[in-house]
Asker: 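Dropping a structure here in structure tokens format, bear with me for questions.
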There are 2 protein chains.
Amino acid sequence: MRVTIADVAGAAGVSKTAVSFAFNNPEKLGQATLERVLQVAHELGYTPHPAARALSLRRSGTIGVLIPQRLSTVFANQFLSELFQGLGELVEEHDLTLLLVPPLAGSLEGAIRQASVDGFISLGLSPDDEALATLARIGIPTVLIDSEGSAEHPAVNVDDAGGAEAAARHLLDLGHRQLAMILLPPTRAQAGPTPTSARRLAGYKAALAGFDAPIPYQVTAGATMPAGARAFESFPKGRRRPTAILAMSDMAAIGVLGAAEAAGMSVPDDLSVVCRARP
Amino acid sequence: MRVTIADVAGAAGVSKTAVSFAFNNPEKLGQATLERVLQVAHELGYTPHPAARALSLRRSGTIGVLIPQRLSTVFANQFLSELFQGLGELVEEHDLTLLLVPPLAGSLEGAIRQASVDGFISLGLSPDDEALATLARIGIPTVLIDSEGSAEHPAVNVDDAGGAEAAARHLLDLGHRQLAMILLPPTRAQAGPTPTSARRLAGYKAALAGFDAPIPYQVTAGATMPAGARAFESFPKGRRRPTAILAMSDMAAIGVLGAAEAAGMSVPDDLSVVCRARP
DNA sequence: TTGTAGGCGTTATCAA
DNA sequence: TTGATAACGCCTACAA
């Protein structure tokens with residue numbers, strides 16, 4: 001049986017209040033009482049029950065991270081990995097803990113119910129996901145990352161357009177005029193370019209608007225090395241051969257590097273390649 | 001204000017028990033009542049308070065993972081990453097969630113107190129860590145990974161000796177007789193070989209015992225590529241040149257690969273290299 | 001089938 | 001400074 005505050009109070013010959021104070025408001029207790037209570041508590045191995053504490057304080061001290069993917073895929077993802085590093089440092093500063101909340105038996109909503117958290121951080125949840133509505137109804141503060149914000153849920157997002165524009169301008173500033181863009185493929189869910197792809201493309205175009213360069217060659221490639229290599233093969237040859245590549249996917253860019261090397265080209269001497277760390 | 005079970009009961013015109021049953025023992029309710037309660041609960045956005053539930057059920061539905069390192073370092077570690085993949089799948093099967101518990105303000109003990117968990121999995125905690133004693137006193141079931149087990153705490157560990165023996169035997173079976181071993185360096189904390197290094201070395205020796213091979217060349221190298229390259233440089237030349245390497249560190253092994261290639265050797269034609277995925 | 005009441009372990013209010 | 005006592009929100013015998 002777990003040692004409760006009453007056990008400690010009994011053993012130390014004081015009231016439950018005194019024991020509680022010993023842990024939470026030590027200054028409200030006499031020196032002698034305080035020491036005795038703490039001593040007894042330690043001997044008995046007493047620790048406040050977190051759930052009882054959370055219930056009473058109406059605060060659990062943990063932040064939940066809503067993960068729409070399976071937990072197993074999270075750790076392989078470079079972007080998420082870095083995100084967690086930052087989150088980890090941040091919550092630590094505030095004496096909080098992180099609760100990773102992947103879908104429970106396929107459903108995020110079920111998982112949300114289980115989780116005793118003070119707030120959620122949601123990763124890339126679709127804006128129309130049921131879970132977000134649930135969260136709003138229950139009234140748990142939630143911040144979105146990588147998805148469209150809404151009235152009840154503020155969002156933090158990567159500046160796709162700005163980043164893309166900076167990347168493109170960098171190449172143009174270097175003097176490159178024959179560019180090639182490797183775009184992200186549409187996802188299965190929806191036809192047409194993904195919002196991310198569209199925003200980055202807009203950024204590229206914004207940069208180009210300030211320069212007198214021919215329209216860049218465009219090709220779509222999945223986020224894999226072979227896809228990147230195929231994209232490289234598809235580039236125009238001769239005069240219109242691109243001298244710089246804007247790749248939206250890291251993996252595709254790596255594929256380009258390999259293909260370029262195989263073709264006897266040197267990066268960055270013969271070819272410049274820019275990409276993003278985001279998948 | 002959070003919607004409670006009483007609010008739902010009031011709105012639906014039933015008792016709190018009925019509402020509770022609707023969620024936990026639906027079969028104990030009449031069809032009509034059940035539907036009405038569920039309907040009202042949904043409209044009001046009611047969800048059982050996890051802390052209250054945990055307190056009452058004496059079970060929180062989450063497993064804590066005790067991480068002696070800072071959370072930020074965890075995601076960079078290949079071994080831990082794979083471990084989490086497995087853990088993630090496992091807890092999911094049982095409708096549990098994983099709570100990552102890094103040191104809170106530098107102290108694991110403080111973090112343990114915050115965490116409302118049914119049990120802990122501890123990663124590489126030193127057997128004499130205060131936190132383990134605390135855990136035992138409080139009485140939270142705990143399993144150790146990567147550390148010595150004890151009476152109160154069972155442990156799950158990598159079979160260092162067995163794995164090393166298998167690796168060495170594999171090379172010997174391939175016909176190699178001139179082996180080199182790249183051992184792990186002692187940690188700063190203690191002089192002499194680490195327990196891991198010692199167990200693997202014992203495994204290597206056990207394999208060698210069954211073969212008529214000269215005593216392998218031994219060199220110690222840190223878990224870095226340059227250290228591996230230096231180890232390669234230190235190998236004997238000529239007749240006693242090793243034809244196969246047993247490396248205890250992946251990174252060192254990669255260093256060996258690079259150095260071998262630079263030296264014009266082909267792997268595995270001129271040299272065999274075996275290593276382990278564990279850091 | 002439904003309702004009443006007590007307990008889970010803390011914290012916090014209010015007297016003493 | 002200390003000690004009862006009432007929340008906190010839920011679950012669950014037990015009784016009706």
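Each chain gets a letter, A, B and so on, in the order the sequences are listed, and its residues count up from 1. The analysis underlying the following values was restricted to heavy atoms, covering all of them including side chains, and did not include hydrogens, waters or symmetry mates.
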Asker: Tell me which of Thr17(B) and Ala51(B) sits closer to the 5' end of DNA chain D, going by the nucleotide each one is nearest to.
Answerer: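 Closer to the 5' end of DNA chain D: Ala51(B).
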Asker: Between Phe23(A) and Ser56(B), just flag the one whose closest nucleotide in DNA chain C comes earlier from the 5' side.
Answerer: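 Residue closer to the 5' terminus by nearest nucleotide: Ser56(B).
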Asker: Give the rounded distance in Å between these two atoms: CG of Leu57(B) and C1' of dC8(D).
Answerer: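 Result: 16 Å.
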Asker: Output the rounded distance in Å from CG (Leu34(B)) to P (dT2(C)).
Answerer: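 One finds 10 Å between P of dT2(C) and CG of Leu34(B), rounded.
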Asker: Under 3.5 Å, is there a donor on one side chain and an acceptor on the other for Glu43(A) and Gln39(A)?
Answerer: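 Yes, a side-chain donor-acceptor pair sits under 3.5 Å.
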Asker: Quick one: is Ser20(A) getting a side-chain N or O under 4.0 Å of the dT11(C) phosphate, OP1 or OP2?
Answerer: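 For Ser20(A), the contact criterion (side-chain N or O under 4.0 Å from OP1 or OP2 of dT11(C)) is met.
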Asker: Check the distance between dA12(C)'s P and Asn24(A)'s CG and give it to me in whole angstrom.
Answerer: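 Interatomic distance, CG of Asn24(A) to P of dA12(C): 7 Å.
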Asker: Give the rounded distance in Å between these two atoms: CD of Glu27(B) and C1' of dT12(D).
Answerer: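 These atoms are roughly 13 Å apart.
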Asker: Atom CZ of Arg59(A) and atom P of dG9(D): how far apart are they, to the nearest Å?
Answerer: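 Checked: the CZ to P distance equals 17 Å.
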Asker: Could you tell me which non-hydrogen atom of Phe84(A) sits nearest to which non-hydrogen atom of Leu123(A), and how far apart they are?
Answerer: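 Looks like CZ-CD1, 4.3 Å.
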Asker: With no hydrogens and no angle check, is any side-chain donor or acceptor of Arg36(A) less than 3.5 Å from a backbone partner on Ala12(A)?
Answerer: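 Yes: the side chain of Arg36(A) pairs with the backbone of Ala12(A).
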Asker: Indicate, with a heavy-atom threshold strictly under 4.0 Å, whether Leu55(A) touches base, sugar-phosphate, or nothing.
Answerer: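 Contact class for Leu55(A): base.
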Asker: Need to verify one output field. Residue with the more 5' nearest nucleotide on DNA chain C, Phe21(A) or Ala6(A)?
Answerer: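 Residue closer to the 5' terminus by nearest nucleotide: Ala6(A).
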Asker: Looking at dT12(D), dT10(C), dC10(D), which one has an atom nearest to any side-chain atom of Asn25(B)?
Answerer: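 The closest nucleotide is dT12(D).
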Asker: Ignoring hydrogens and geometry, is there a side-chain-to-backbone donor-acceptor pair from Asp160(A) to Arg199(A) under 3.5 Å?
Answerer: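 Judged by distance alone, no pair lies under 3.5 Å.
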Asker: Distance only, no hydrogens: is a donor on one side chain within 3.5 Å (strictly under) of an acceptor on the other, for Gln114(A) and Thr97(B)?
Answerer: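 Side chains of Gln114(A) and Thr97(B): no pair found under 3.5 Å.
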Asker: To the nearest Å, give me how far apart CG (Leu29(A)) and C1' (dG3(D)) are.
Answerer: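 One finds 12 Å between C1' of dG3(D) and CG of Leu29(A), rounded.
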Asker: With hydrogens left out and only the distance checked, is there a donor-acceptor pair under 3.5 Å joining Thr33(B)'s side chain and the base of dT2(C)?
Answerer: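 No, the side chain and the base share no sub-3.5 Å donor-acceptor pair.
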Asker: Send over the distance from Ile5(B) CD1 to dC8(D) P, rounded to a whole Å.
Answerer: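 Taking CD1 of Ile5(B) and P of dC8(D), I get 15 Å after rounding.
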Asker: For Thr4(B), which contact category applies under a 4.0 Å heavy-atom criterion: base, sugar-phosphate, or nothing?
Answerer: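 The residue Thr4(B) makes sugar-phosphate contact but no base contact.
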Asker: Under 4.0 Å, counting only non-hydrogen atoms across every strand here, what does Thr47(A) touch: a base, just sugar-phosphate, or nothing?
Answerer: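 If one applies the 4.0 Å heavy-atom cut-off, Thr47(A) turns out to touch the sugar-phosphate alone, with no base involved.
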Asker: Rounded to whole Å, how long is the line connecting atom CZ of Arg36(A) with atom P of dT1(D)?
Answerer: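 To the nearest whole Å, that distance equals 15 Å.
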Asker: OP1 or OP2 of dG9(C) less than 4.0 angstrom from a side-chain nitrogen or oxygen of Arg53(A), does that happen here?
Answerer: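 For dG9(C), OP1/OP2 do not have a side-chain N/O of Arg53(A) under 4.0 Å.
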